[in-house]
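Encoded as structure tokens, the structure appears first; notes follow it.
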Amino acid sequence: MILFAVSCWLTMAWCRSMSAMGGLRMPGGWSLSMIWMRMGDQTWVSATGAFLAMWVVMMVAMMLPSVAPLLWRYRQRMAHAGATHVGLPTAVSALGYLAVWTALGILVFPLGVAVAELEVSLSTLASTVPLVVGVVVLVGGAYQFTASKAGQLACCRLPTGRVRARPAAVGTAWRDGVRLGLECSRSCANWMAILLVLGVMDLGAMVAVTIAICAERLAPARLRVGRATGALAIALGVILIARADSG
């Protein structure tokens, strides 16, 4: 409950900071988030830093509920294997996990900026965005039914089970955290794509994606839950495509 409360607080803080930035109305009836644009005399270095700060807050808010149980079991396994002072390597492992998401943010920002600049300069491209959003949501939902997704979910749960009787070395903990981050980022890549196209400033989209990620990782029947959330995403994608076509 405490973790969910912390996650909710971080989510609300993120959304308040995002909503203050507003959006730019675009052809097709949608708004371009100002998170992809420089503000006033802001340099690209400071814009990137501001984005990464907000991105890290968002990742902590979204991933904390699902990754905390894994890190706790990781800590317990180290203790049962005879390791001492397990708090530090657990924290280092968490930092390794967060470093992966931070690195992804570094890759996402210039891509988002490039796409935003194209959308601003090409009104024809901007008008197709609602249709593209619907397609991405539909494809992301369909991916939930693939064998690849099932395998990625299984891998995302494995690092806590690989801890052998060995010293709780900081370097080992860092590698374990990075491995967990890489596996988990691959397993929820479709959800992150959906969030990015729906808008990282959208509180509803962020909460829905967070719930979907937590459910498919923590629920006992995670494959069944994953397919249920995939079906909901497919339905949403169909609705968005229909609205785009009618518009």
Side-chain angles (χ1 to χ4, degrees), residues 7 10-11 13-24 26 30-39 42-64 66-67 94-122 125-126 128-130 132-141 143 149 152 156 177-210 212-214 217 233 237 240:
S7 180
L10 289 171
T11 300
W14 160 265
C15 291
R16 281 196 297 268
S17 64
M18 290 292 92
S19 61
M21 299 179 70
L24 178 65
M26 301 292 291
W30 61 282
S31 295
L32 174 64
S33 172
M34 298 307 293
I35 195 174
W36 309 114
M37 313 294 287
R38 284 188 298 175
M39 307 297 290
Q42 189 179 38
T43 66
W44 280 118
V45 173
S46 61
T48 302
F51 173 83
L52 284 179
M54 292 183 288
W55 174 268
V56 169
V57 170
M58 184 179 74
M59 288 300 104
V60 172
M62 293 181 64
M63 300 302 168
L64 180 61
S66 61
V67 76
L95 289 175
Y97 178 88
L98 184 60
V100 172
W101 285 105
T102 303
L104 289 175
I106 295 174
L107 297 177
V108 164
F109 184 63
L111 178 61
V113 169
V115 172
E117 290 179 348
L118 284 175
E119 291 167 343
V120 170
S121 60
L122 301 174
L125 175 63
T128 66
V129 167
V132 173
V133 170
V135 171
V136 171
V137 173
L138 189 150
V139 172
Y143 186 69
K149 174 69 177 191
Q152 289 167 352
C156 192
V178 169
R179 183 175 63 241
L180 177 61
L182 290 172
E183 291 170 347
C184 287
S185 62
R186 284 196 297 267
S187 75
C188 63
N190 58 323
W191 291 121
M192 295 308 300
I194 289 174
L195 177 63
L196 287 171
V197 297
L198 289 178
V200 292
M201 292 173 57
D202 190 312
L203 175 60
M206 182 178 175
V207 171
V209 168
T210 301
I213 292 173
C214 291
R217 293 184 185 180
L240 293 174

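Only a predicted model underlies this, so the values are computations on that prediction, with no experimental measurement involved. Positions are given from 1, in the same order as the sequence printed here. Both backbone and side-chain heavy atoms feed into the values below; hydrogens, waters and symmetry mates do not.
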For [X], what residues pass the side chain to side chain contact (heavy atoms under 4.5 Å, CB included) criterion, not counting sequence neighbours?
X    : result
V108 : W36, F51, W55, L196
L111 : V115
L122 : L118, L125
V133 : V129, V137, V197, L198, L240

Looking at residues at least two apart in the chain, or sitting in another chain, which of them share a side-chain hydrogen bond (donor to acceptor under 3.5 Å, both in side chains) with T128?
none
Determine, stepwise, if the pair R217 / C188 fulfils side chain to side chain contact (heavy atoms under 4.5 Å, CB included).
CA-CA 10 Å; R217 293 184 185 180; C188 63; 3.4 Å; yes
Which pair of non-hydrogen atoms, one from [X] and one from [Y], has the smallest distance, and what is that distance?
X    : Y    : result
A233 : G141 : CB-CA, 3.6 Å
A205 : G199 : CB-O, 4.4 Å
N190 : G140 : ND2-O, 2.9 Å
L52  : G105 : CD2-C, 3.7 Å

With side chains defined as the heavy atoms from C-beta onward, is the minimum distance between Q152 and Y143 less than 4.5 Å?
yes
Can you tell me how far the [atom1] atom of [X] sits from the [atom2] atom of [Y], to the nearest 0.5 Å?
X    : Y    : atom1 : atom2 : value
W191 : M62  : CH2   : CE    : 10.5 Å
S66  : I213 : OG    : CD1   : 6.5 Å
S187 : L182 : OG    : CG    : 11.0 Å
M192 : L195 : CE    : CG    : 5.0 Å

Go through L104 and M59 one step at a time and tell me if the side chain to side chain contact (heavy atoms under 4.5 Å, CB included) criterion holds.
CA-CA 11 Å; L104 289 175; M59 288 300 104; over 6 Å; no
